[in-house]
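Heads up: the structure comes next, in structure tokens.
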Protein chains: 4
Amino acid sequence: MGRKEVPSLVKDEKLIEKRRGEMVKAAVNLFKENGFHRTTTREIAKASGFSIGTLYEYIRSKEDILYLVCDSIYEGVKEKLHEQISLAEGSIEHVKKAIAVYFNVVDEMQDEVLVMYQEAKSLSREALPYVLKKELEMTAIFEDLLHRTVAQGELELNEEEVKLLAHNILVHGQMWTFRRWSLRKEYTLEEYTQMQINLLLYGVLNRSLTGKTS
Amino acid sequence: MGRKEVPSLVKDEKLIEKRRGEMVKAAVNLFKENGFHRTTTREIAKASGFSIGTLYEYIRSKEDILYLVCDSIYEGVKEKLHEQISLAEGSIEHVKKAIAVYFNVVDEMQDEVLVMYQEAKSLSREALPYVLKKELEMTAIFEDLLHRTVAQGELELNEEEVKLLAHNILVHGQMWTFRRWSLRKEYTLEEYTQMQINLLLYGVLNRSLTGKTS
Amino acid sequence: MGRKEVPSLVKDEKLIEKRRGEMVKAAVNLFKENGFHRTTTREIAKASGFSIGTLYEYIRSKEDILYLVCDSIYEGVKEKLHEQISLAEGSIEHVKKAIAVYFNVVDEMQDEVLVMYQEAKSLSREALPYVLKKELEMTAIFEDLLHRTVAQGELELNEEEVKLLAHNILVHGQMWTFRRWSLRKEYTLEEYTQMQINLLLYGVLNRSLTGKTS
Amino acid sequence: MGRKEVPSLVKDEKLIEKRRGEMVKAAVNLFKENGFHRTTTREIAKASGFSIGTLYEYIRSKEDILYLVCDSIYEGVKEKLHEQISLAEGSIEHVKKAIAVYFNVVDEMQDEVLVMYQEAKSLSREALPYVLKKELEMTAIFEDLLHRTVAQGELELNEEEVKLLAHNILVHGQMWTFRRWSLRKEYTLEEYTQMQINLLLYGVLNRSLTGKTS
DNA sequence: GATGAATGAGTGTTCATTCAT
DNA sequence: TATGAATGAACACTCATTCAT
């Protein structure tokens with residue numbers, strides 16, 4: 001659904017799934033180490049355990065690998081998220097919980113997230129929209145959560161504020177990877193999570209309280 | 001001060017400054033369009049208005065260009081910042097003003113800023129620290145501002161919260177360029193600025209007010 | 001045995017052997033004409049009958065070609081030598097025969113020998129020792145021969161004289177290539193061989209003394 | 001006389017002489033270290049103490065420098081030779097003395113001699129004959145010496161043997177530099193000289209025969 | 001006479017991709 | 001389906017030489 005089709009010369013769908021899984025796993029590790037441009041298709045083939053010829057049976061171009069990698073990372077993050085939080089509820093506590101879970105997932109997959117964050121720009125003008133769409137879907141998860149919490153009466157935010165807050169939550173999660181060279185020195189993941197939750201929510205939280213009392 | 005020396009075969013310092021300026025300008029435009037790796041040194045030379053041989057009179061390697069680009073962008077941002085805000089004061093109003101000015105500068109230099117944050121990772125392990133140092137210097141500007149405002153009694157934040165808030169301010173500025181594909185659709189720069197100021201500060205602001213009133 | 005491994009991206013050992021043979025042959029001709037430095041890898045590839053990309057499937061660097069050339073020449077000389085002379089005997093006659101055979105081989109391979117003699121110095125500090133070792137192995141062939149002849153009682157030479165004489169034999173062979181611009185004008189190979197054998201073995205001074213006394 | 005003219009844009013002959021002397025000195029050192037091809041004209045200019053522009057006031061091309069270097073080395077060797085031996089005499093003792101003096105000169109100028117014999121091949125087809133001519137002049141010195149000694153009745157050699165012996169003497173001098181990686185381990189210069197004089201002049205075969213008969 | 005900035009053809013090398021087996 | 005040898009356009013970088021000042 002909304003996923004871009006990457007054609008393969010091989011017919012067996014099961015095999016495609018399997019081989020591409022091996023490819024992506026190998027590629028993430030290599031991209032992590034050397035970046036997309038400095039990684040060669042030969043290296044990816046070798047690390048995947050098959051020949052360069054076989055690699056090209058399952059993709060059309062090097063860029064396809066990058067797309068598959070990005071796609072796979074988003075799916076991974078989303079899957080882990082769905083495993084741990086119910087998206088049907090709506091309460092301040094639930095928002096806090098969701099943020100914490102999200103930050104945890106980002107931390108677990110920090111290499112992957114960083115790779116995607118840094119290399120997605122190398123996707124062609126054709127493939128990029130598919131990845132950006134995934135990013136929007138991720139944002140939507142938090143938007144929905146916030147909407148429900150607003151509907152519940154626990155938060156007082158207009159539409160645009162919901163959007164921006166959801167955006168900020170996502171960004172603060174990514175920050176933990178792309179500024180880790182600095183943040184890791186100052187905070188543990190737990191401290192970082194707690195402090196960001198405070199900074200993210202106390203504003204809107206107090207305001208709504210204030211709003212209520214006034 | 002803390003800047004990495006990039007050696008040149010040319011002796012005339014004035015000329016080096018001039019030619020490197022031309023180079024950086026051309027390179028930013030090309031990097032913006034195609035990224036660092038997809039841009040060739042010949043393209044940079046041509047766009048700079050001189051031959052490939054001349055290009056290499058002023059740098060040692062392609063990476064030097066990227067370093068000069070990053071360095072120049074930081075200097076540009078800092079210079080514009082210093083032009084518009086006094087860094088000696090300390091008040092809520094001043095913090096708001098500084099954020100707005102910073103977001104404005106980022107918006108004016110959005111191409112440059114985008115290029116830097118996307119390509120800096122391609123710097124070698126030798127050059128990267130110099131750029132990260134610049135980033136910390138930028139963060140420190142906001143840390144100082146917040147410290148002074150805390151000292152003034154207008155904010156109530158501990159040391160670690162100051163650090164994180166400064167990080168957040170910087171990152172949200174960058175995000176205006178990084179996620180412009182999404183943000184631009186929703187907000188004007190002014191709206192984005194105003195809303196982020198609210199989200200960033202109302203949390204801590206109300207808390208301190210609450211603290212005061214209690 | 002003692003040969004330096006030159007890695008190849010190609011797995012088929014037979015093919016490596018074959019392609020490198022073609023490469024070396026082409027390279028010798030080109031080096032002969034223009035020297036190592038003035039010969040381009042593209043020229044070598046073309047003369048070898050394959051593309052530049054293919055060339056680099058079989059070597060890592062241009063210097064590898066030079067090493068293979070040197071190695072191949074030594075092997076060629078040694079092989080031809082072993083084909084024609086038994087190295088187990090030891091007599092004046094056998095020494096003379098061996099010298100004549102060696103000079104013949106040098107003459108047959110004069111282009112190769114000259115190339116090696118002139119270009120080996122361009123080998124890196126890493127590869128040079130392997131080539132010098134081959135040179136010592138060549139010298140050792142004549143040392144052994146002389147030793148056996150001494151043991152047979154047909155010559156009276158101490159260890160150091162054996163070494164130097166073997167060295168001189170080798171040098172006189174190489175001379176035939178690197179001074180051919182002059183020697184060829186004066187002597188045929190047969191004349192040169194006969195005269196050098198005389199000078200090497202008979203001595204000029206004693207002969208004249210003998211001549212006088214007889 | 002017989003020297004190739006190397007044109008210069010500068011008129012002042014004294015200055016030409018001086019500058020070229022500086023150039024040659026610098027070039028020999030650089031060629032010694034890195035070889036002719038790996039040495040750049042910029043390096044030569046710098047090591048000579050003037051600019052690249054000035055360098056080209058005194059030569060037309062890089063190859064001119066190589067020619068001047070070769071020429072200068074020959075002149076140096078010849079000069080030192082003439083300083084120490086009279087070329088008018090003719091006797092066995094004198095030949096021995098001349099060989100020893102020549103070997104000494106070669107040893108003193110070993111770097112220069114090595115450079116010349118390794119790099120002369122890079123001279124163009126136009127310049128090479130001039131250098132070969134110098135080499136023949138050197139050979140002629142020993143030919144003459146041998147001729148006079150034959151005429152004196154102290155040696156019994158025909159014309160062709162004289163020529164070849166002269167060649168051999170020259171080559172064995174050169175080999176002291178060329179094969180120093182091997183020879184230096186076995187012999188001091190004095191030992192090498194003494195032994196080569198013996199082998200060149202006394203012969204090994206007759207000696208052993210003599211030994212046997214005595 | 002001296003300088004050194006400018007030039008650009010040329011070099012070694014890489015690597016995504018193809019295709020015969 | 002799987003292989004891996006072959007390809008060649010493209011790349012970063014060099015350096016002998018020129019010429020305006």
Side-chain angles (χ1 to χ4, degrees), chain A residues 8-12 15-16 19 37-46 49-65, chain B residues 8-12 15-16 19 37-46 49-65, chain C residues 8-12 15-16 19 37-46 49-65, chain D residues 8-12 15-16 19 37-46 49-65:
Chain A
S8 165
L9 294 176
V10 176
K11 306 286 173 197
D12 185 338
L15 199 52
I16 293 178
R19 291 270 190 268
H37 282 103
R38 288 201 225 284
T39 302
T40 68
T41 51
R42 264 172 154 132
E43 286 169 335
I44 296 170
K46 191 172 184 187
F50 33 80
S51 72
I52 184 68
T54 301
L55 188 82
Y56 274 87
E57 297 279 316
Y58 295 92
I59 51 153
R60 289 163 309 171
S61 69
K62 190 185 174 188
E63 203 211 298
D64 277 352
I65 305 176
Chain B
S8 166
L9 293 177
V10 173
K11 298 180 175 178
D12 185 336
L15 198 53
I16 293 178
R19 290 273 184 265
H37 282 104
R38 288 202 220 284
T39 302
T40 69
T41 51
R42 274 184 161 84
E43 285 170 335
I44 297 170
K46 194 170 182 187
F50 32 80
S51 72
I52 183 65
T54 299
L55 187 81
Y56 276 89
E57 294 275 307
Y58 293 92
I59 50 153
R60 289 163 308 173
S61 68
K62 191 184 174 189
E63 204 211 298
D64 276 350
I65 304 177
Chain C
S8 165
L9 293 177
V10 173
K11 296 180 177 179
D12 186 337
L15 198 53
I16 293 177
R19 290 273 183 269
H37 282 104
R38 288 202 220 283
T39 302
T40 69
T41 52
R42 278 181 166 82
E43 285 169 336
I44 296 170
K46 193 171 183 184
F50 30 79
S51 73
I52 183 65
T54 300
L55 186 81
Y56 275 89
E57 294 275 306
Y58 293 92
I59 51 154
R60 290 165 307 174
S61 68
K62 190 183 175 190
E63 203 211 299
D64 276 351
I65 305 177
Chain D
S8 165
L9 295 175
V10 175
K11 308 287 173 195
D12 185 339
L15 200 50
I16 294 177
R19 291 271 189 269
H37 282 103
R38 287 201 226 283
T39 301
T40 68
T41 52
R42 261 171 156 132
E43 286 170 334
I44 297 170
K46 191 171 183 186
F50 33 80
S51 73
I52 184 66
T54 302
L55 188 81
Y56 274 86
E57 297 278 314
Y58 294 92
I59 51 155
R60 289 164 310 171
S61 70
K62 191 184 173 189
E63 204 210 296
D64 277 351
I65 303 176

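A, B, ... follow the sequence lines: proteins, then strands. Residue 1 opens every chain.
Heavy atoms of B:L15 sit under 4.0 angstrom from primed sugar atoms or phosphate atoms, though from no base atom.
The two residues B:I16 and B:V10 come nearest to each other via the heavy atoms CD1-O, 3.2 Å. Here the closest heavy-atom approach between residue D:I52 and residue D:R42 is recorded as CD1-N, 3.9 Å.
Annotation: salt bridge (charged side-chain N to carboxylate O under 4.0 Å, His left out) contacts of A:R60 (sequence neighbours excluded): A:D64.
Across the protein-nucleic acid pair, D:I52 atom CD1 and F:dA16 atom P stand 8 Å apart, rounded to whole Å. The interatomic distance linking C:R19 (CZ) with F:dG4 (C1') rounds to 13 Å, in whole Å. Distance CD1 (C:I59) to P (E:dT14): 10 Å, rounded to an integer number of Å. If you take NZ of A:K11 and P of F:dT1, they are 8 Å apart, rounded to a whole angstrom. For the pair A:I65 CD1 and E:dC15 P, the computed distance is 14 Å after rounding to whole Å. What separates OH of B:Y56 from P of E:dA5 is a distance of 19 Å, to the nearest Å. Remark: P of E:dT7 and CZ of B:F50 are 9 Å apart, rounded to the nearest angstrom. Spacing between atom CD of B:E57 and atom C1' of F:dC19 amounts to 14 Å, rounded to whole angstrom units.
Taking 4.5 Å as the limit, every side-chain heavy atom of B:Y58 sits out of range of all side-chain heavy atoms of B:L9. Using a 4.5 Å heavy-atom threshold, the side chains of D:L55 and D:I59 count as touching.
Contact check on B:R38 versus A:E63 returns no salt bridge, with no Lys/Arg side-chain nitrogen under 4.0 Å from an Asp/Glu carboxylate oxygen. Residues D:E43 and D:K62 are not paired through a salt bridge, judged by the lack of any N-O separation under 4.0 Å between the basic side chain and the carboxylate.
Remark: D:T39, D:T40, D:T41, D:R42 in residues 37-44 of chain D come within less than 4.0 Å of DNA chain F through at least one heavy atom.
With rounding to the nearest 0.5 angstrom, the CD1 atom of B:I65 is 7.0 Å from the OG1 atom of B:T41.
D:Y58 has no side-chain polar atom (N or O) that falls below the 4.0 Å cut-off from OP1 or OP2 of E:dG1. Of the side-chain N and O atoms in D:R60, none sit less than 4.0 angstrom from OP1 or OP2 of F:dT17. A sub-4.0 Å separation between OP1 or OP2 of E:dA2 and a side-chain N or O of D:T54 is absent.
The residue among B:G53 and C:V10 whose nearest nucleotide of DNA chain F is located toward the 5' end is C:V10. Where B:G49 and C:S61 meet DNA chain E, the nucleotide closest to each residue was compared, and B:G49 sits on the side nearer the 5' end.
The aromatic rings of A:H37 and B:H37 lie parallel to each other, their planes meeting at an angle below 30°, with 60° marking the opposite boundary.
With pairs defined as Watson-Crick or G-U wobble and both atom distances under 3.5 Å, the stems of at least three pairs that touch DNA chain F come out as E:2-21 with F:2-21.
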